[in-house]
Amino acid sequence: MHLKSPFFAHPTNLNGVSIAINGRVDILTHVAAEDGRDWPESTIRQMIDSGMALIYTLKLHKWVLEAAGRVIEENLLLDTAIKQLHSFHEAGGEVLFGTDVGFMSDYDPADEYVLMAKEGMVYDQILAALTTAPAKRFGRDLKNGKIFQGMDADLILYLADPAKYIKNFTKVKYTIHWGKIIYP
């Protein structure tokens, strides 16, 4: 199967999201919280109807606030980012896991999981954002994203159950790629 290369955008406000929709962007790499307000239902509907997915990147907002020495609790930027993810997710939008590592120097994804849970996503939904949703989005769902005979055997084994405590997604014991341990 040959897929076209996906088109990503990094909007920071509602106008940027509208431009992305009109430009037929496939994936937004983060929410666009600079306006300090949730996305209108009509915008979310256009995003979903166009097949746009969202890599929420909530930690980006927390990291920027911390770097600027700003208070994180009850901060409009972070609260808006969480609301936008919640609204998109609740409307049935496709959510993919991702971070802004490279821009951010903090590589620990624990805050992403915590903020996803704060938005209201539960374990199964977060797991899907890490596995089945990206596999399907990138045309790899016949080989990746699930555990079945004939799949590529890409697995992560955890030291503790993420279903019991969401930060356990960061407690990796082994990473297995094509059946071989690449991170013990």
Side-chain angles (χ1 to χ4, degrees), residues 6-21 23 25-40 43-44 47 52-91 93-134 137-138 156 158-173 175 182-183:
F7 185 30
F8 292 79
H10 295 258
T12 58
N13 56 32
L14 182 57
N15 186 50
V17 173
S18 295
I19 291 168
I21 292 167
V25 165
D26 299 299
I27 301 169
L28 294 186
T29 58
H30 48 70
V31 293
E34 280 188 9
D35 292 329
R37 61 187 170 118
D38 199 357
W39 289 327
T43 298
I44 293 170
M47 293 166 72
M52 186 182 288
L54 174 65
I55 301 172
Y56 47 86
T57 320
L58 295 173
K59 181 178 175 172
L60 166 69
H61 301 286
K62 181 178 184 278
W63 187 82
V64 167
L65 291 169
E66 286 174 340
R70 307 256 319 268
V71 176
I72 294 169
E73 300 306 317
E74 297 183 31
N75 184 285
L76 181 62
L77 182 68
L78 187 56
D79 291 347
T80 300
I82 292 168
K83 282 180 193 169
Q84 289 176 350
L85 172 59
H86 178 78
S87 296
F88 183 78
H89 176 249
E90 283 293 305
E94 180 182 17
V95 177
L96 307 173
F97 179 81
T99 69
D100 227 326
V101 165
F103 174 74
M104 297 184 304
S105 58
D106 177 359
Y107 295 179
D108 183 356
D111 286 338
E112 291 290 3
Y113 305 128
V114 169
L115 292 167
M116 291 170 82
K118 184 175 180 180
E119 172 277 321
M121 292 179 78
V122 296
Y123 162 77
D124 291 346
Q125 294 165 329
I126 295 170
L127 181 62
L130 289 160
T131 58
T132 55
R137 169 57 68 158
F138 296 111
I156 292 178
Y158 296 103
L159 291 167
D161 187 355
K164 293 187 173 159
Y165 180 59
I166 209 68
K167 281 189 174 184
N168 286 341
F169 272 119
T170 66
K171 308 291 185 209
V172 175
K173 180 169 177 99
T175 300
I182 61 171
Y183 175 80

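Residues take their numbers from the sequence shown, with the count starting at 1.
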Walk me through whether D38 and S87 qualify under side chain to side chain donor-acceptor pair (under 3.5 Å). CA-CA 8 Å; D38 199 357; S87 296; 2.5 Å; yes
Does Y113 form a ring-ring contact (aromatic ring centres under 6.0 Å, His included) with Y123? I'd like the steps, not just the answer. CA-CA 9 Å; Y113 305 128; Y123 162 77; over 10 Å; no
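Partners of F103 under the ring-ring contact (aromatic ring centres under 6.0 Å, His included) rule, at least two apart in sequence or in another chain, are W63.
Residues F138 and P6 are in side-chain contact: their nearest non-hydrogen atoms beyond the backbone lie under 4.5 Å apart. Counting only heavy atoms from C-beta outward, the side chains of I126 and I166 approach each other to under 4.5 Å. At least one side-chain heavy atom of V172 sits under 4.5 Å from a side-chain heavy atom of Y158. The closest side-chain heavy-atom distance from I156 to K173 is not below 4.5 Å. At a threshold of 4.5 Å between non-hydrogen side-chain atoms, the residues H61 and N75 do not count as touching. With a 4.5 Å cut-off on side-chain heavy atoms, I55 and H30 do not count as touching. The closest side-chain heavy-atom distance from K83 to V31 is not below 4.5 Å. Residues Q84 and Y56 fail the side-chain proximity criterion, which asks for heavy atoms closer than 4.5 Å.
By the 4.0 Å N-to-carboxylate-O rule, D108 lies too far from K59 to be salt-bridged with it. Taking a cutoff of 4.0 Å between a charged side-chain nitrogen and a carboxylate oxygen, R70 and E66 do not qualify as a salt bridge.
Across every non-hydrogen atom of F7 and D26, the tightest pair is N-OD2, 2.6 Å.
Open room surrounds OH on Y165; 12 or fewer heavy atoms of other groups in view lie less than 6.0 Å from it.
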